[in-house]
Protein chains: 2
Amino acid sequence: MSLSNNTIERICRIYGYLEYLEKNNIEYASSKEFAGIVGTTDYSVRKDISSLGLTGFSRRGYAVKLLKDQLGEKLKLSRTIKTCIVGLGKLGTAILDYESFRDDGFNMVAGFDSSINKIERIHTPIEVFPVGQLEDIVKQRSIELGIIAVPPVAAQDIADKLIKGGVKGILNFSPVRIAVPEEIVLHNMDFTAALRFVAARF
Amino acid sequence: MSLSNNTIERICRIYGYLEYLEKNNIEYASSKEFAGIVGTTDYSVRKDISSLGLTGFSRRGYAVKLLKDQLGEKLKLSRTIKTCIVGLGKLGTAILDYESFRDDGFNMVAGFDSSINKIERIHTPIEVFPVGQLEDIVKQRSIELGIIAVPPVAAQDIADKLIKGGVKGILNFSPVRIAVPEEIVLHNMDFTAALRFVAARF
DNA sequence: TTAGTTTAGTGAAAATATTCACTAAATAAT
DNA sequence: ATTATTTAGTGAATATTTTCACTAAACTAA
Ligand SMILES: NC(=O)c1ccc[n+]([C@@H]2O[C@H](COP(=O)([O-])OP(=O)(O)OC[C@H]3O[C@@H](n4cnc5c(N)ncnc54)[C@H](O)[C@@H]3O)[C@@H](O)[C@H]2O)c1
Ligand SMILES: NC(=O)c1ccc[n+]([C@@H]2O[C@H](COP(=O)([O-])OP(=O)(O)OC[C@H]3O[C@@H](n4cnc5c(N)ncnc54)[C@H](O)[C@@H]3O)[C@@H](O)[C@H]2O)c1
C-alpha cells in the first residue's frame, strides 16, 4: 500500500482545505468539491482516500473533522513538526515571520545565517543563531525539517550540515540541485522553473 | 504532439540547468546527466527531448547551447516575458527584488499594493503602483504573467483584475484556490502543502 | 411506499507514462 | 582495421494512473 507522489500531493492539498472547512464549521464535503480544489476528478479523490483505507458517507460525502484527523494520522501530519530555516535574507525572513506555518503544524524553532550582522539586527520572536551552531542546535532541538534559503553556492553545504544534524527532510528554495542520501526527503521550490512552467503553457 | 505536464516540468528544469552549463562553457551534456538533475531516468529525458522533435549526438550527448535555444523556441521561453507582482509584503518584496528572474527571461515591470504607505516607502528600481491602477498598467504594458502575493482573502479579486488586464498566466503564492477561466494558466506555490509533502514522506 | 437523487466505493477498461531492449552512430583503444 | 565503449533514438512491453460504469447506501419528495 505505497502511495504515489501524486496521491500524496493531492492529499496534502485536501488536508489544507479540510482545515479551512473545519475553521468554518462545515461538517461535510464531497469528493467533487475536493476535486475542484486540487484540480482533478471526483473519481481520483475517492481513489486517493480509499487507498488509505478511509471512507465517507453515502449522500453526504466525507466528514470534515474525521477525515482531517484520519489523513493527519495516516500521513503523520497531525503532530507538530519542528522546523528551522537557514539563510535569513529577503526570502528567509519572509518565511521566518510567516505565522501560518505554526497553525499548519510546523513549528519554526530556529533560524540561521552566516552574517553576524544580520543575526543581530533581526527582530523576531524566533531564536536565530550563527550558522556555525547549525548542527548542534538541530540535534539538541530534534529539528526534523530544514528549509534552505541561502545563495546557491552555499546550498549543498547547508544541506550536508542539516543532514548531519539529523533532519529527515529538506525544503530547498535555492535554484540548484542538491545531493542527499536515499533516506532524506528533498523537495525543491524552484520559482523560476514554476514561472517557466506557467509561461510554457500560455 | 501535446506535451504532458510532467514532460513540461522536466524540460523547464533541464532548461535551467542548460543555462548553468552554458554559463560555465560546457558544450555537451548527456541524457543521464539531465536525468540526475531532474530526478528521472535517461530514457525519459530522451523521450521528452525527442517528443519535441529535437535530437542529440551519438556518443557526445546534447549540444548545450543548441538544445537550450531549441527548447526555448519550442516552449516559448527564449523571449522575455513581462511580469508583475501584486502584494508587496514580506514575500512580495523578496520576489520583487529577486534579480535572477531577469536573467531567466522574466522582466518584472511593475509591483502593486493596496497600501499607499507601503508603496511610498518601498525602495526598488521597479515601478510600484496602487492596486487601483492594476488593470490599466497590465494592459498598457502588455504584462503576460502576474504573481499573486496578497493575503488569501484578496487573492481571487486580484486574479480577476489581472485577467481583465489581459495576463495569460498566474503564479499564486497565497494558500487558496483561485478560479480562473479555461484559457488562463494557473500555478499555485503552496508552501504549506510543500512542507506537508516533505513531512508525509519522512 | 415508491421513485428519484446524490454521493461513495470499486473492479474493469482505457489512457498515459515509464522502462526495456535493441539499433545505430561516433569515437577511442588496441 | 578491428573491437570496445558510450550515448542517442525508438518501437514494444510493462507499469501506473486515470477514467468509466456500475452498485449500494442514504436521504428527499411525491
Ligand atoms: N528572493 C526571492 O524571491 C527568491 C526567489 C527564488 C529563489 N530564491 C533563492 O532563495 C535563496 C535566498 O534568496 P534571497 O533573495 O533571500 O537572498 P539574500 O541574499 O537576500 O539572502 C541570503 C542569505 O543567506 C545568508 N547566507 C549566505 N551564505 C550562507 C551560509 N553559508 N550559511 C548561512 N547563511 C548564509 C546571507 O547572509 C543572506 O542573509 C537564494 O538561493 C535564491 O536564489 C530567492
Ligand atoms: N511570508 C511567507 O513566507 C509566506 C509563505 C507562504 C505563503 N505566503 C502567502 O503569500 C501571501 C503574502 O504573504 P506575506 O507574508 O508577504 O504577507 P504580508 O502581509 O507581508 O503582505 C501582504 C501584502 O499585500 C498587500 N495587500 C493586501 N490586500 C491587497 C489587495 N487587495 N491588493 C493589493 N495588495 C494588497 C498588503 O498591503 C501587504 O503589503 C499571503 O497570501 C501568504 O499567505 C507567504
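Order of the sequence lines sets the chain letters (A, B, ...), proteins ahead of strands, with each chain counted from 1.
In this model, the phosphate group of C/dG9 is approached by a side-chain N or O of A/Tyr62 to a distance below 4.0 Å at OP1 or OP2. Phosphate contact (OP1/OP2 of C/dC20, side-chain N/O of B/Tyr43, threshold under 4.0 Å): present. OP1 or OP2 of C/dA8 lies within a sub-4.0 Å distance of a side-chain N or O belonging to A/Ser31. Listed pair B/Ser4 / C/dA17 meets the phosphate criterion, a side-chain N or O lying under 4.0 Å from OP1 or OP2. Within the 4.0 Å cut-off from OP1 or OP2 of D/dT19, at least one side-chain nitrogen or oxygen of A/Thr41 is found.
Judged purely by atom type and a 3.5 angstrom limit, B/Arg201 has no side-chain atom pairing as donor or acceptor with the backbone of A/Val185. Distance alone, capped at 3.5 Å, places no donor-acceptor pair between the A/Asp104 side chain and the A/Phe106 backbone.
A salt bridge is absent between B/Glu19 and B/Lys65: the closest approach of a Lys/Arg side-chain nitrogen to an acidic carboxylate oxygen does not fall below 4.0 angstrom.
To the nearest angstrom, C1' of D/dA26 lies 12 Å from CZ of A/Phe57. Following rounding to the nearest Å, A/Leu52 (CG) and C/dG9 (P) show an atom-to-atom distance of 12 Å. In this structure, B/Asp48 places its CG atom 14 Å from C1' of D/dT10, rounding to the nearest Å. Computed from coordinates, the A/Tyr28 OH to C/dT6 P distance equals 19 Å when rounded to whole Å. Between A/Phe34 atom CZ and C/dG9 atom C1' there is a gap of 16 Å when expressed in whole angstrom units. Between A/Arg46 atom CZ and D/dT19 atom P there is a gap of 12 Å when expressed in whole angstrom units. Summarising the geometry, the separation between CG on B/Leu54 and C1' on D/dA8 is reported as 13 Å, rounded to the nearest angstrom. In this structure, B/Leu67 atom CG and D/dA8 atom C1' are separated by 13 Å, rounded to whole Å.
For B/Phe34 and B/Tyr15, the ring centers are positioned 6.0 Å apart or more.
Residue A/Thr55 is in sugar-phosphate contact alone, with no base atom involved, counting any heavy-atom pair closer than 4.0 Å across all strands shown. Backbone-only contact: B/Asn6 has heavy atoms under 4.0 Å from sugar-phosphate atoms and none from a base.
At a threshold of 4.5 Å between non-hydrogen side-chain atoms, the residues A/Leu171 and A/Ile148 do not count as touching.
Contact of A/Lys47 with D/dT19 (side chain to base): a donor-acceptor pair of N or O atoms is detected under 3.5 Å. Judged by distance alone with a 3.5 Å cut-off, no donor-acceptor contact links the side chain of B/Lys32 to the base of D/dT7.
Each of A/Arg59 and B/Ile49 was assigned the nucleotide of DNA chain D with the nearest heavy atom; the assignment lying further toward the 5' end belongs to B/Ile49. Heavy-atom distances to DNA chain D give each of A/Ser44 and B/Arg60 a nearest nucleotide, and the one nearer the 5′ end belongs to B/Arg60.
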